[in-house]
Amino acid sequence: QVQLVESGGGSVQAGGSLRLSCAASGYTGSRPYCMGWFRQAPGKERERVAHIYTVGGSTYYSDSVKGRFTISRDNAKNTMYLQMNSLKPEDTAMYYCAAVMTWGRTCTTIDAYNYWGQGTQVTVSS
């Protein structure tokens, strides 16, 4: 059973930075096809923030975080990261990491993701 564990959340002032980590374990076969970061603020739908392909390393960012957030992955450590700079109050949310295990499947929809972490809270104050 694949397990994803996020860490690195916290409270920061606007303009500050945080680095989230997502440690993956329990692979019995191939590695994930892609992994992503999502966030959900109270009263809002879960939204995709960024995703990365485990082969090739291509990345995607939502317009709201482009230029401020950087997604990366260390395949040797089975760990994914999200470096968040220039944080804004509207970035406040629970952040989740997730993995698509089916190779060739889309990485753009929430339903495609097979496994999810428990989330880590990010709070940005103005």
Side-chain angles (χ1 to χ4, degrees):
Q1 181 75 9
V2 175
Q3 290 186 324
L4 304 175
V5 179
E6 302 97 335
S7 61
S11 298
V12 296
Q13 290 190 328
S17 298
L18 284 173
R19 188 194 195 204
L20 305 184
S21 299
C22 173
S25 62
Y27 299 147
T28 58
S30 61
R31 69 175 62 157
Y33 175 56
C34 60
M35 296 187 70
W37 286 100
F38 294 77
R39 67 185 182 186
Q40 187 167 20
K44 295 188 177 181
E45 293 186 352
R46 189 171 297 189
E47 64 170 339
R48 183 166 48 105
V49 172
H51 73 251
I52 184 168
Y53 293 88
T54 59
V55 176
S58 295
T59 58
Y60 157 89
Y61 298 94
S62 68
D63 288 341
S64 61
V65 306
K66 196 173 297 182
R68 300 187 298 122
F69 290 11
T70 302
I71 189 172
S72 61
R73 175 172 169 80
D74 185 333
N75 286 342
K77 295 182 178 180
N78 285 332
T79 301
M80 179 177 65
Y81 305 97
L82 185 68
Q83 178 67 44
M84 305 186 295
N85 298 329
S86 302
L87 282 162
K88 304 175 181 180
E90 50 263 44
D91 294 319
T92 295
M94 185 71 79
Y95 283 71
Y96 300 89
C97 69
V100 174
M101 300 302 294
T102 305
W103 280 68
R105 195 173 185 182
T106 180
C107 299
T108 61
T109 61
I110 289 178
D111 291 346
Y113 288 79
N114 306 98
Y115 295 98
W116 293 81
Q118 82 289 349
T120 186
Q121 179 67 38
V122 171
T123 303
V124 184
S125 58
S126 57

Is it true that a side-chain atom of [X] and a backbone atom of [Y] form a donor plus acceptor pair closer than 3.5 Å?
{"X": "Thr54", "Y": "Pro32", "value": "yes"}
{"X": "Arg48", "Y": "Ile110", "value": "no"}
{"X": "Arg68", "Y": "Ser86", "value": "yes"}
{"X": "Gln40", "Y": "Ala93", "value": "no"}
{"X": "Tyr115", "Y": "Gln3", "value": "no"}

Taking all atoms of both residues into account, what is the closest heavy-atom pair of [X] and [Y], and its distance?
{"X": "Met101", "Y": "Asn114", "result": "N-OD1, 2.7 Å"}
{"X": "Val49", "Y": "Val65", "result": "O-CG2, 3.6 Å"}
{"X": "Ser126", "Y": "Ala14", "result": "CA-CB, 4.3 Å"}
{"X": "Ala24", "Y": "Leu4", "result": "CB-CD2, 3.5 Å"}
{"X": "Arg31", "Y": "Asn75", "result": "NH1-ND2, 3.0 Å"}
{"X": "Ser17", "Y": "Asn85", "result": "OG-OD1, 2.9 Å"}

Please check if Val100 and Tyr96 belong to a single hydrophobic cluster, counting links between Ile, Leu, Val, Met, Phe, Trp and Tyr side chain heavy atoms closer than 4.5 Å.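 Linked, Val100 and Tyr96 end up in one cluster.
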Can you get from Tyr60 to Met35 by hopping between Ile, Leu, Val, Met, Phe, Trp and Tyr side chains that sit under 4.5 Å apart?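 Different hydrophobic clusters.
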Let me see the working for Phe69 and Trp37 under ring pair (Phe, Tyr, Trp, His ring centres under 6.0 Å), right down to the final yes or no. CA-CA 11 Å; Phe69 290 11; Trp37 286 100; 9.9 Å; no
Stepwise, does the side chain to side chain contact (heavy atoms under 4.5 Å, CB included) test hold for Leu18 with Tyr95? CA-CA 12 Å; Leu18 284 173; Tyr95 283 71; over 6 Å; no
In Å and rounded to the nearest 0.5 Å, what is the [atom1] to [atom2] distance from [X] to [Y]?
{"X": "Thr123", "Y": "Met94", "atom1": "OG1", "atom2": "CE", "value": "8.5 Å"}
{"X": "Thr59", "Y": "His51", "atom1": "OG1", "atom2": "NE2", "value": "8.0 Å"}
{"X": "Gln83", "Y": "Ser21", "atom1": "CD", "atom2": "OG", "value": "9.5 Å"}

Validate the cation-pi geometry between Arg19 and Tyr81: distance from NZ or CZ to the six-membered ring centre under 6.0 Å, angle to the ring axis within 45°.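 Output yes; distance and angle both within limits.
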Side chain to side chain, [X] and [Y], heavy atoms closer than 4.5 Å:
{"X": "Glu6", "Y": "Leu20", "answer": "no"}
{"X": "Met80", "Y": "Asp74", "answer": "no"}
{"X": "Arg39", "Y": "Ser64", "answer": "yes"}
{"X": "Thr92", "Y": "Gln121", "answer": "yes"}
{"X": "Thr70", "Y": "Leu82", "answer": "no"}
{"X": "Tyr113", "Y": "Cys107", "answer": "yes"}

Given Tyr53 and Tyr33, is the ring pair (Phe, Tyr, Trp, His ring centres under 6.0 Å) satisfied, shown in steps? CA-CA 6 Å; Tyr53 293 88; Tyr33 175 56; 5.4 Å; yes
Return the orientation label for the Phe38 and Trp116 ring planes: parallel under 30°, perpendicular over 60°, tilted otherwise.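 Geometry flag for Trp116 against Phe38: tilted rings.
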Taking atom CD of Glu90 as the centre, does the number of heavy atoms from other residues, nucleotides or ligands within less than 6.0 Å exceed 12?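 Result for CD/Glu90: enclosed.
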Check this for me: does any side-chain nitrogen of one of Lys88 and Asp91 sit under 4.0 Å from a carboxylate oxygen of the other?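 Salt bridge between Lys88 and Asp91, a charged N being under 4.0 Å from a carboxylate O: no.
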